[in-house]
Amino acid sequence: MDIFSGLNPKQQEAVACLEGPLLIMAGAGSGKTKVLTCRIANLLAHDVPPYSILAITFTNKAAAEMRERVDRLIGPAAKSVWLSTFHSFCARFLRYEIEASSIYKKNFVIYDASDSKAVIKACLKELNLDEKQYAPSSVQAAISSAKNMLMGPRAFARSADSFFQQKVAEVYSVYAKKLQMNNALDFDDLLMVSVALLEEHQDIREKYQHRFHYILVDEYQDTNGAQYELTKILAAQHHNLCVVGDADQSIYGWRGADIRNIMNFESDYPEAQTVKLEQNYRSTQNILAAANAVIGHNENRKPKKLWTENPVGEKITSYLANDERDEANFIATTIMKQRTIFNAAYGDMAILYRTNAQSRVLEEGFMREGIPYTMVGGLKFYDRKEIKDAIAYLRVIFNPMDSVSLMRIINVPKRGLGDTTLAKLNAYALENEVSLFDVISSPEILSGIPGITARVRRPLEVFSTMIFDLVGSMEMLPLSAFVDRVLRMSGYIAELEREPKPENESRIENLKEFVGVAKDFEKNSDKSGEIANVENFLSHISLISDIDTADIDLDRVTLMTLHSAKGLEFPIVFMAGMEEGLFPHARTLLEPEEMEEERRTCYVGITRAQRKLYMTYARSRMIYGHTTTYLPSRFLAEIPDEYMERLVVRANSYGFANSSVVDQRGYGSSFQPKTRPSGSQAPGAGQSARQALQAMQGRNAAGMPITASPDVIRPDMDIVWKAGDKARHGKWGVGTIVSVHGSGEEVELKIAFPGQGIKGLMQKYAPITKADG
DNA sequence: GAACCATAGCTTTTT
DNA sequence: GCTATGGTTC
């Protein structure tokens, strides 16, 4: 057994220490995942039964990876280790135990953030509160943070010290009741209800306390109050609790994470042992020095210095762009240079940014250059209307009490049920405290409601018969076949097929992909040990995150937020939007604690890079349609010059002497200044890229994180172009060469793409090839 | 009841 | 500048 081979002494110490509380302070890139997997393997090697080990990770993907690694080290016993996120663990726990609460039934559904927002809006309406004064998102955040501190509606009302808080307390109380009526739990409930069950039921508590002899929690610095409490209860019997984390990487304070959980671990468990992992295996000395310099500016912090035996490496490069388009072009051309000059793969590179809104311009730039990319987050597969509808059907069939989902689909496809009808039915349901489904499925009730005519009763009867029918076949069919049946029987597909509009076609594609997701779930069920039924499938899709589905293995550039990048690493990293007000974000400028969290976020970003780091910022940026000027981020100034070279105007060899002042209209940058027919209206590079983006997002059903198709055409300097030739571009299709300028390395082509205007391209970067004309 | 048009609000970060 | 929402019109 070579569990210990390849580990340094500190790592070995952590892996060997199995009994009692253990705190592993693991700096960025210090081999934390390796230590965790080896430690689990070591437990198994000591004949600890796998089902008595509970390991909590931050994402489902991390859990799956860890399971695979343990499997490779020690074999199939890995399958029976409890290995998941807090939320998935709670969902599983509650499936077994929730009925003890006498509030929820075991076929509960899980509402995601947007479902829960819809419920909050309904509550505001019911309480006659103005959405402008009580922004649903703030109310939602307030309720969520209450739940993270394990406060129910009554406790919250007691602690409410402002008028706003009192109103929120009212909403909270109605909200909680509504969720119960729908037999639904939101994300925070998963934790809160689990803790409540464990606290109130001695038998359940003891059962799980005895079951889990060994507990490991990764990313402990990002646990919130509820997670802390849950961990504490579960570990109370055996005290074999190992937590791993890095206070410098705590970046989820806004979500209720409490950095004190890790800071106080040693006082919570006085007998705890502590192992510090401070040798970094990931980054160059320059990158690490920059990271240390930045994080050193935080006041509230235990000092710590990561070190490495890696080479010094290249300096960090900062680039001051004119605007966000110039920034995107710098990144795109740098990516191409890294590819052509240093032979870097697309998959070796990632762009990290503070806000999702920044991704659009970057995407447009990548599409112009034909760079394949994967975006994490943003417009999500599961946020699409047709997918949410499909999920709503499954939820109603699984849990007919779920009126929120029922309302969503009762008239989709159109069944001739208008708002007035539904309002009447809802009012009746609310007044008589029965579920909406009970109302519509009972002829006696329906005939007792004034204004419900036969014309409305007929479709309701057909609808509820269909649901009953589907409930009957739910257990009989394999999951994916059942999902397919639901989509067909409901008439959903038929409705989309009736009108052959392009967006309907893409919806059908997406629904096919959804059936594909169900099929994958079936296939993976033997690996994960989960039965592939509707129940587990619904939990699964509620709890998977974007980062879980992102296919980072493909050879594509990855675009994501700094938060999503936690735990990942890339040879080449770009941090975009390094501007005061964007990063650090404007809302944190006056809050010292939040500013420190921004700095930690910056630290996380820098330490993702293995070999080369670029940091870019723009003189001005379009925000809400207004051009805004920002100052460079303070984090840039916190990196000493000895580790960073600062570019202001891009060095270029194309003779664009005026590159920094080229384009006042905000189109393109020095890379494309000559592409427009002079004097005419700009061909609208942004416009066509956006259209291309939309078309692609619609068409590309397979890409669950939105991805560009990898149909890559490599630049080819051997072709001699002349006007009139036909060229095929990776993204724009076939166009006609309008003109050829320059020679050798600097051949510049103007190509007319039908419907998309004339594009100017440097041959050495252009992803084009000869097309038959 | 459905399609179209105007406007407000938006941008922190996510399980 | 974009998008989701709500209002108005047919």
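When reading the values below, keep in mind they use all heavy atoms of this one structure, side chains included, and skip hydrogens, waters and symmetry mates. Throughout, protein chains are lettered first and strands after them, A, B, ... in sequence-line order, and every chain is numbered starting at 1.
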Residue set satisfying side-chain hydrogen bond (donor to acceptor under 3.5 Å, both in side chains) with Asn298(A), at least two apart, ordered chain then number -> Arg599(A)

When rounded to whole Å, the CD to P distance for the pair Gln358(A) and dC2(C) reads 17 Å

Here the distance between atom C1' of dT13(B) and atom CE of Met560(A), to the nearest Å, is 14 Å

Looking just at side-chain N and O atoms, do Asp402(A) and Tyr111(A) make a donor-acceptor pair shorter than 3.5 Å? yes

From OH of Tyr252(A) across to C1' of dT15(B) the rounded distance in Å is 8 Å

task: Give one of base, sugar-phosphate or nothing for Phe583(A), where a contact means two heavy atoms less than 4.0 Å apart.
output: nothing

Ranking dT15(B), dT14(B), dT11(B) by distance to the side chain of Thr85(A), first place goes to dT15(B)

In whole angstroms, the gap separating P of dT13(B) from CE of Met595(A) amounts to 17 Å

Inset, instruction - Tell me yes or no: between the side chains of Asp389(A) and Tyr492(A), is some donor less than 3.5 Å from an acceptor? - result: yes

Against the side chain of Met622(A), the closest entry in dT11(B), dT15(B), dG1(C) is dG1(C)

When rounded to whole Å, the CG to P distance for the pair Leu124(A) and dG6(C) reads 12 Å

Sorted by chain and residue number, the side-chain hydrogen bond (donor to acceptor under 3.5 Å, both in side chains) partners of Thr85(A) (sequence neighbours excluded) come out as Ser88(A)

Quiz item: If we require ring centres under 5.5 Å and near-parallel planes under 30°, does Phe58(A) stack on dT15(B)?
Solution: no

For residues 580-592 of chain A, the side-chain hydrogen bond (donor to acceptor under 3.5 Å, both in side chains) pairs (sequence neighbours left out) are Glu580(A)-Arg634(A)

Applying side-chain hydrogen bond (donor to acceptor under 3.5 Å, both in side chains) to Lys232(A) and not counting sequence neighbours gives none

The residue, Gln227(A) or Thr588(A), whose nearest nucleotide of DNA chain B is more 5′ is Thr588(A)

side-chain hydrogen bond (donor to acceptor under 3.5 Å, both in side chains) test vs Thr223(A) passes for just one of Asn261(A), Thr231(A), Asp258(A), namely Asn261(A)

Integer angstrom distance from the C1' of dT11(B) to that of dG6(C): 22 Å

message = Counting only side-chain nitrogens and oxygens, does Asn356(A) get under 4.0 Å of the OP1 or OP2 atom of dT13(B)?
response = yes

Here the distance between atom P of dT14(B) and atom NE2 of His585(A), to the nearest Å, is 12 Å

Report all interatomic pairs (protein N or O, nucleotide N or O of nucleotides 1-6 of chain B) with separations under 3.5 Å.
| unit_1 | atom_1 | unit_2 | atom_2 | d |
| --- | --- | --- | --- | --- |
| dG1(B) | OP1 | Gly416(A) | O | 3.4 |
| dG1(B) | OP1 | Gly418(A) | N | 2.8 |
| dG1(B) | OP2 | Gly418(A) | N | 3.3 |

When rounded to whole Å, the CG to P distance for the pair Leu582(A) and dT13(B) reads 11 Å

**Request:** State whether Asn148(A) places a side-chain N or O below 4.0 Å from either non-bridging phosphate oxygen (OP1 or OP2) of dT15(B).
**Result:** no

Here the distance between atom P of dT13(B) and atom CG of Asp222(A), to the nearest Å, is 16 Å

Looking only at side-chain N and O atoms, does Arg360(A) come under 4.0 Å of OP1 or OP2 in dT3(C)? yes

### Short side-chain N/O contact from Ser564(A) to OP1 or OP2 of dT14(B), under 4.0 Å
yes

Side chain to side chain contact (heavy atoms under 4.5 Å, CB included) filter on Asn536(A), not counting sequence neighbours, yields Phe521(A), Glu530(A), Ile531(A), Asn533(A)

